[in-house]
Q: 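After the structure tokens below, expect a handful of questions from me.
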Protein chains: 2
Amino acid sequence: MTIDNNAPHSNAESLEVARDDLRLEKFLPYRLSVLSNRVSNAIAQAYGARFDLTIPAWRVMAILGRFPDLSAAELVEQTAMDKVAISRAVSSLLKNDYITRSEDPADRRRQVLNLSELGRDVYERIVPLAQQYENDLMGSLSAEERQQLDSIIEKLMDRAQAWAERGLID
Amino acid sequence: MTIDNNAPHSNAESLEVARDDLRLEKFLPYRLSVLSNRVSNAIAQAYGARFDLTIPAWRVMAILGRFPDLSAAELVEQTAMDKVAISRAVSSLLKNDYITRSEDPADRRRQVLNLSELGRDVYERIVPLAQQYENDLMGSLSAEERQQLDSIIEKLMDRAQAWAERGLID
DNA sequence: TAACATTGGTTTCAATTGTAACCACTGCCA
DNA sequence: TGGCAGTGGTTACAATTGAAACCAATGTTA
């Protein structure tokens with residue numbers, strides 16, 4: 001049942017055909033996606049069940065915990081999330097009383113968001129939990145590798161960002 | 001409008017409060033997710049438009065291109081995708097005539113999947129395209145960094161895998 | 001060989017997400 | 001000040017996804 005990932009092909013003519021095959025298991029975008037999903041899902045399960053939070057909602061809380069008095073638009077900027085996703089996360093957080101919303105008197109379209117008391121409590125309980133997962137992940141790397149990973153991600157992010165900005169590769 | 005990511009807090013008491021804040025911009029699971037989404041979406045846009053393929057459908061083709069004669073269950077195993085997602089990808093690929101399906105006479109529940117002629121054509125046109133993106137990404141790294149990334153991903157993947165298997169961190 | 005558990009795969013239904021249209025307010029310029 | 005473009009945010013609707021129920025074939029045990 002298990003497949004030998006090193007065997008190029010199981011049929012006879014493989015030798016010629018295999019040349020430009022795509023080795024999905026080595027294909028960076030694919031590996032990133034699998035890794036990211038595994039990690040996010042595991043963590044989301046840990047806090048989602050306990051505090052009734054979706055991933056976007058938790059992200060909003062995480063940002064507000066660090067940067068009070070943001071508007072939805074500023075959250076969009078910070079998180080790279082879609083504005084609709086933010087809007088929904090905000091309204092579910094309001095329903096849970098995890099955040100507060102107040103009008104900006106200077107601009108009545110703008111709504112200033114903050115963690116509520118309750119929200120900050122929850123935030124402070126989730127943070128160590130999230131950090132525990134991250135530490136566990138990072139624990140599988142040496143200090144040197146952690147540092148390498150950091151700079152590599154930065155570079156990849158810039159490149160991918162560039163695709164989005166000046167359109168894709170021809 | 002832009003936020004200074006290095007400023008811990010904008011309010012007065014920040015010095016004490018900031019200690020155990022979560023710095024989302026440095027939080028590995030978050031960064032992985034942003035990076036992965038940016039990359040996958042960019043690539044999907046490139047082939048999706050031209051060949052009417054979703055990401056899961058393309059993944060199925062990529063695996064079948066390398067490993068003929070797989071069943072849906074074996075695809076699940078290879079891709080770590082959900083079996084429902086596979087089922088839907090398969091049926092959309094059948095609709096496009098990109099793959100063929102035949103009964104396994106030895107086990108009449110099992111259906112053997114393969115790229116069709118047309119499917120292989122498409123596959124062979126997408127592969128270089130996908131590789132071009134990957135090369136572009138990898139081009140932002142040195143040979144050494146590429147090698148480092150490879151081994152780091154492997155380690156992280158193992159760790160995240162372990163979460164899934166023996167349940168989460170207590 | 002009758003019952004029941006297991007496996008391969010699909011369907012159904014609800015929840016989540018993305019796109020586009022939209023409303024309310026502000027800022028600008030005639 | 002009146003019109004109009006731009007911004008902040010929400011709503012509506014369609015497409016995608018996920019969980020669970022389901023059907024059909026097989027394997028297993030008595």
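Worth knowing before you read on, the calculation uses all heavy atoms, side chains too, and leaves out hydrogens, waters and symmetry mates. Since the structure is predicted, the reported quantities are computational estimates derived from the model, not experimental observations. Chain letters run A, B, ... following the sequence lines, proteins first and then strands; every chain starts at 1.
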Q: Working to the nearest 0.5 Å, report the span between CD of A/E145 and NZ of B/K155.
A: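 Reported to 0.5 Å precision, the distance equals 3.5 Å.
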Q: Return the value, rounded to whole Å, for the distance between atom CG of A/N37 and atom P of C/dT17.
A: 12 Å
Q: Measure the spacing between CG of B/N135 and OG of B/S140 and express it to the nearest 0.5 Å.
A: 11.0 Å
Q: Going only through I, L, V, M, F, W and Y residues with side-chain contacts under 4.5 Å, is there a path from B/I153 to B/L137?
A: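 Cluster IDs for B/I153 and B/L137 match.
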Q: Do the side-chain N or O atoms of A/S91 get closer than 4.0 angstrom to the phosphate oxygens (OP1, OP2) of D/dT10?
A: no
Q: List the protein contact pattern of nucleotides 19-24 of chain C with one symbol per nucleotide (5' to 3'): B for base contact, S for sugar-phosphate-only contact, - for none; contact means a heavy-atom distance under 4.0 Å.
A: BB---B
Q: For the CD1 atom of A/I63 and the CD atom of B/E25, what is their distance to the nearest 0.5 Å?
A: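 Those atoms lie 6.5 Å apart.
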Q: For A/P56 and for A/A106, locate the closest nucleotide of DNA chain C by heavy-atom distance; then report the residue assigned to the nucleotide nearer the 5' terminus.
A: A/P56
Q: To the nearest Å, give me how far apart CD (B/Q111) and P (C/dG8) are.
A: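 Whole-Å distance recorded here is 12 Å.
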Q: Tell me the interatomic distance from B/N41, atom CG, to D/dA15, atom P, rounded to whole angstroms.
A: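 Value for this atom pair: 19 Å.
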Q: Could you give all pairs that pass the side chain to side chain donor-acceptor pair (under 3.5 Å) test and reach residues 103-114 of chain A, with sequence neighbours left out?
A: A/D69-A/N114, A/E74-A/R110, A/R101-A/Q111, A/D104-A/R110, A/D107-A/R109
Q: Could you tell me the separation between the CZ atom of A/R59 and the P atom of C/dT16, rounded to a whole number of Å?
A: 16 Å
Q: To the nearest Å, give me how far apart CG (A/L75) and C1' (D/dT10) are.
A: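 To the nearest whole Å, that distance equals 15 Å.
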Q: For B/R101 and C/dT10, what is the distance between atoms CZ and P respectively, to the nearest whole Å?
A: 5 Å
Q: When rounded to the nearest 0.5 angstrom, what distance separates CE in B/M61 from CZ in B/R120?
A: 9.0 Å
Q: At what distance, to the nearest 0.5 angstrom, does OG of B/S151 lie from CG of A/L149?
A: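 CG of A/L149 is found 10.5 Å from OG of B/S151.
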Q: Could you state the CD1-P distance from B/I86 to D/dA19, rounded to the nearest angstrom?
A: 15 Å
Q: With a 4.0 Å cutoff (strictly under), does any side-chain N or O of A/S87 reach OP1 or OP2 of D/dT10?
A: yes
Q: In whole angstrom, give the distance that lies between atom CG of A/L113 and atom P of D/dT10.
A: 8 Å
